[in-house]
Amino acid sequence: MNQIDRTSSANLRVRFAPSPTGFLHVGSARTFIFNWLYARHNHGTMILRLDDTDVERNTEASVDSIFDGLQWLGLDWDESYKQSERHELHRKIAWSIFDKGLAYRDFTPAHTGESEKSGVQGTWLFNADMRELPREESNRRAAAGEPFALRFRVPREDAIGRQLPSAVGFAEGKLSVHFDDAVYGKQVKATADIEDFALLRSDGMPTYHLASCADDADLTISHIIRGQDHLTNTFKHVLIFEAAGHTPPQFAHLPLLVAPDGTKLSKRRHGPVVSVTTYRDAGFLPDAFINFLCLLGWSPKDDRTKMSLGELTDAFSLEGINRANAVVNFKEPAAARPLSGAIPEETFDAKAVWLNAEHIRALPIDDLSERLLPIVHEQYPNVTSKTMLRITPLIRERIKFLRDVLAAADFFLVEQLRPYDPAELIPQKGDAVMALKALQKAREVLASVEFNHDALDHALRAAAQELGLKAGQMFQPVRVSVCGRKNAPPLFETLEVLGKETTLRRIEDAIRRLS
RNA sequence: GUCCCCGUCGUCUAGCCCGGCCUAGGACAUCGCCCUUUCACGGCGGUAACACGGGUUCAAAUCCCGUCGGGGACGCCA
């Protein structure tokens, strides 16, 4: 059965196959990333396939939203397909399975939705009348126009003695299907626990299971890397592959991403916090987001956490994937803070936020500056890239999200400072008189000094000494007058960028506020 | 209900396959100290975990059995 050479990377082909039924959520993004990493690490082929079989639920908006997310991540693919354009192939394969006697027509009317989902009697297996329906009668009824679904004939005890597919054998005395998962190891399931699933619906459309396997076989996918929620479906898939005359690919199932409440991440229950574009809009760097996602369910095993895309690509392997579900430790925005439009920082997993800050700090100044500029321009269209380039180094260590630039660099950007509490001007262990004295001195000294770091440093320290103040007591009033608050970048660099004119004007203003 | 998967600090994880180096390592978060003109960065240190119970063994986080807990799949949805 293992005739395909899976070690040869030239034939390595993986795929990401989202269904366009909503936005791209973080679990899907992580599946995409792992597939991409595996393909690139092994110089294989990355395929994007839209699994849009369910016309009812698919929307154009969803397709756009998924592409938005993928585009932001910045990871590419080599080939792309739409399942809805391949129905002929799916039907052809379904009927070839029927022709081999491995599927049969089921004329039972379709079920009315969810009603008999978790029946007390246990798993429904098959309807004997339909499964055993003579071929002639089946053909006759079909020819008469009676609707039917096409069902897979899962091997039962009646298959014993005949030629069995190679994935089917006996385990503990029971006829079972087996396959080897790259993450979860050997998997076995008794055919008595697998129902005769549908291949074609009564409207002739392929089901997900059929379409997915038919495409994977046709596109010669070598490795299927997907969420663990498909682990039990895989037994059916193995059966389809073999019935269609193909060797099943190598499977690798990923542990699920779960919410803090322990349940599988879902768009429905958890909302925008699980949408990729939410991270984009909050000012995450794509590489930081990718880094974060990779650490959920995978480990490089060498204690590294902050990793670039290149490092991730080099380090990635299926062996590093673990089996336990991982929680994305986000908070519901409503619980985090009364909503004010923007998504508060504490909404996101703290590690994601930290990684983002790390990636921001690792970016070269000019690169960071370029990414910051469009955000700044939303509110301050007149800021030049030259100015931005001077501001960036002063705030790089102080922002966790790209958007934070607006709050961190506000005093560089506005003409007029927002009104602040004059009490802020008063230094440690000082009073309003001291503040006033310091500012008047600063006004005097700064008027005649050259605005570069060293000159500023000398001038202000000397001024402090002259007044009998500690350096900090001198700096604080100046800082607050030019920044409008206590927490700000280092003073001299700040003054340098602000320039003499603005600095003096703001000190003047502060003196006015004090008196 | 049936079947499948999982269970190491609050969270992500290393170690588990091939028992001893584990008085269980790292990271985030948290607490404290240092650096310092504020904030941040950085440095140092602390708190904190092998779900439980049996067994095998000289020795078990690592192997076996059971219990409990969590998740997932069971559709003519994907």
Side-chain angles (χ1 to χ4, degrees), chain A residues 17-21 51-54 56-58 83 106 108-111 113-124 147-151 184-185 187-190 192-195 197-209 211-212 227-236 253 255-256 258 260 262-264 292 295-306 322-329 349-355 357 361 395-400 408 427-428 457 460-461 464 470-476 478-480 483 485-492:
Chain A
S19 323
T21 55
D51 276 11
D52 53 353
T53 297
D54 185 2
E56 301 276 306
R57 299 200 316 175
N58 293 164
Q83 208 162 50
D106 181 354
T108 314
H111 288 166
E114 316 240 341
S115 52
E116 79 180 63
K117 199 170 177 181
S118 49
V120 200
Q121 295 93 328
T123 311
W124 170 90
F148 61 86
L150 196 68
R151 284 188 185 281
Y184 289 91
Q187 301 296 311
V188 186
K189 186 167 184 164
D193 293 317
I194 304 172
E195 76 281 5
F197 52 93
L199 260 20
L200 293 179
R201 307 181 210 170
S202 49
D203 60 4
M205 294 297 280
T207 62
Y208 160 74
H209 296 301
S212 176
Q228 196 231 49
D229 45 352
H230 283 297
L231 193 59
T232 42
N233 286 333
T234 307
F235 295 101
K236 296 172 187 169
H253 286 87
L256 261 24
V258 299
T263 59
K264 185 166 91 153
F292 169 65
L295 264 17
L296 259 19
W298 173 83
S299 161
K301 313 246 184 213
D302 58 9
D303 289 349
R304 278 184 294 173
T305 46
K306 196 235 137 195
N322 49 276
R323 288 169 287 278
N325 291 170
V327 356
V328 183
N329 208 4
D349 189 308
K351 197 157 196 170
V353 175
W354 172 78
L355 273 170
R361 278 176 230 129
I395 59 161
R396 185 164 65 156
E397 265 86 57
R398 274 161 265 263
I399 59 175
K400 292 175 173 169
Q428 284 274 301
D457 189 330
L460 285 174
R461 279 183 202 281
K470 289 189 172 178
Q473 293 176 314
M474 180 78 206
F475 299 160
Q476 157 123 335
V478 178
R479 174 180 300 110
V480 174
C483 298
R485 55 184 149 85
K486 287 177 183 168
N487 301 349
L491 188 57
F492 311 130

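Everything numeric here is computed off the predicted structure, so don't read it as measured data. Lettering follows sequence order; numbering is per chain, from 1.
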Nucleotide nearest [X] when distance is taken to its side chain, options [options]:
X	options	result
Leu256(A)	rG71(B), rC41(B), rC6(B)	rG71(B)
Ser299(A)	rG71(B), rU38(B), rU13(B)	rU13(B)
Thr232(A)	rC4(B), rG71(B), rU11(B)	rC4(B)
Leu296(A)	rG15(B), rC12(B), rC74(B)	rC12(B)
Arg361(A)	rA14(B), rG42(B), rA73(B)	rG42(B)
Lys189(A)	rG72(B), rC28(B), rC3(B)	rC3(B)

[X] near the nucleic acid: base, sugar-phosphate alone, or nothing, with a heavy-atom cut-off under 4.0 Å?
X	answer
Pro490(A)	base
Phe197(A)	nothing
Gln228(A)	sugar-phosphate
Gly297(A)	sugar-phosphate
His253(A)	nothing
Ala198(A)	sugar-phosphate
Asn329(A)	sugar-phosphate
Pro489(A)	base
Gln473(A)	nothing
Lys301(A)	sugar-phosphate
Asp203(A)	nothing

Who is the Watson-Crick or G-U wobble partner of [N], with both distances under 3.5 Å?
N	result
rG1(B)	rC74(B)
rU30(B)	rG46(B)
rG19(B)	none
rU36(B)	none
rA14(B)	none
rC63(B)	rG55(B)

Could you give the distance separating [M] and [N] at their [atom1] atoms, to the nearest angstrom?
N	M	atom1	value
rG26(B)	rC9(B)	C1'	12 Å
rU11(B)	rU57(B)	C1'	36 Å
rC44(B)	rU13(B)	C1'	24 Å
rC77(B)	rC63(B)	P	43 Å
rG20(B)	rG25(B)	P	16 Å
rG7(B)	rC52(B)	P	14 Å
rG55(B)	rA60(B)	C1'	11 Å

**OP:** Taking all heavy atoms of Thr53(A) and all of Pro206(A), pick out the closest pair and write down the distance.
**Re:**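 Minimum heavy-atom contact is CG2-O, 3.3 Å.
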Original post:
Which pair of heavy atoms, one from Tyr184(A) and one from Gln228(A), lies closest together, and at what distance?
Top reply: OH-NE2, 3.3 Å
**OP:** State which residues pass ring pair (Phe, Tyr, Trp, His ring centres under 6.0 Å) with Phe492(A); sequence neighbours excluded, sorted by chain then number.
**Re:** His453(A), Phe475(A)
Original post:
With Phe235(A), which residues qualify under ring pair (Phe, Tyr, Trp, His ring centres under 6.0 Å), at least two apart?
Top reply: Phe179(A)
Original post:
Any donor-acceptor pair under 3.5 Å between the side chain of Arg323(A) and the base of rC6(B)?
Top reply: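 Checked by distance alone, the answer is no.
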Subject >> Distance-only donor-acceptor test (3.5 Å): side chain Ser202(A), base rC76(B) >> reply: yes
Original post:
Between Gly262(A) and Tyr184(A), who's closer to the 5' end of RNA chain B by nearest nucleotide?
Top reply: Tyr184(A)
Original post:
How does protein reach along nucleotides 22-27 of chain B, written 5' to 3' as B (base within reach of a heavy atom under 4.0 Å), S (only sugar-phosphate), or - (no contact)?
Top reply: ---BSB
Original post:
Can Glu195(A) and Arg151(A) be counted as an ion pair, charged N to O under 4.0 angstrom?
Top reply: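 No, this pair does not count.
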Original post:
So, are Arg304(A) and Asp302(A) salt-bridged, with charged N and O less than 4.0 Å apart?
Top reply: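 Judged by the 4.0 Å cut-off on N to carboxylate O distance, Arg304(A) and Asp302(A) do form a salt bridge.
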Original post:
Below 4.5 Å, heavy atoms only, C-beta onward: do Leu231(A) and Gln187(A) meet side chain to side chain?
Top reply: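 In contact.
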Subject >> Min side-chain heavy-atom separation Leu199(A)-His209(A) under 4.5 Å >> reply: no
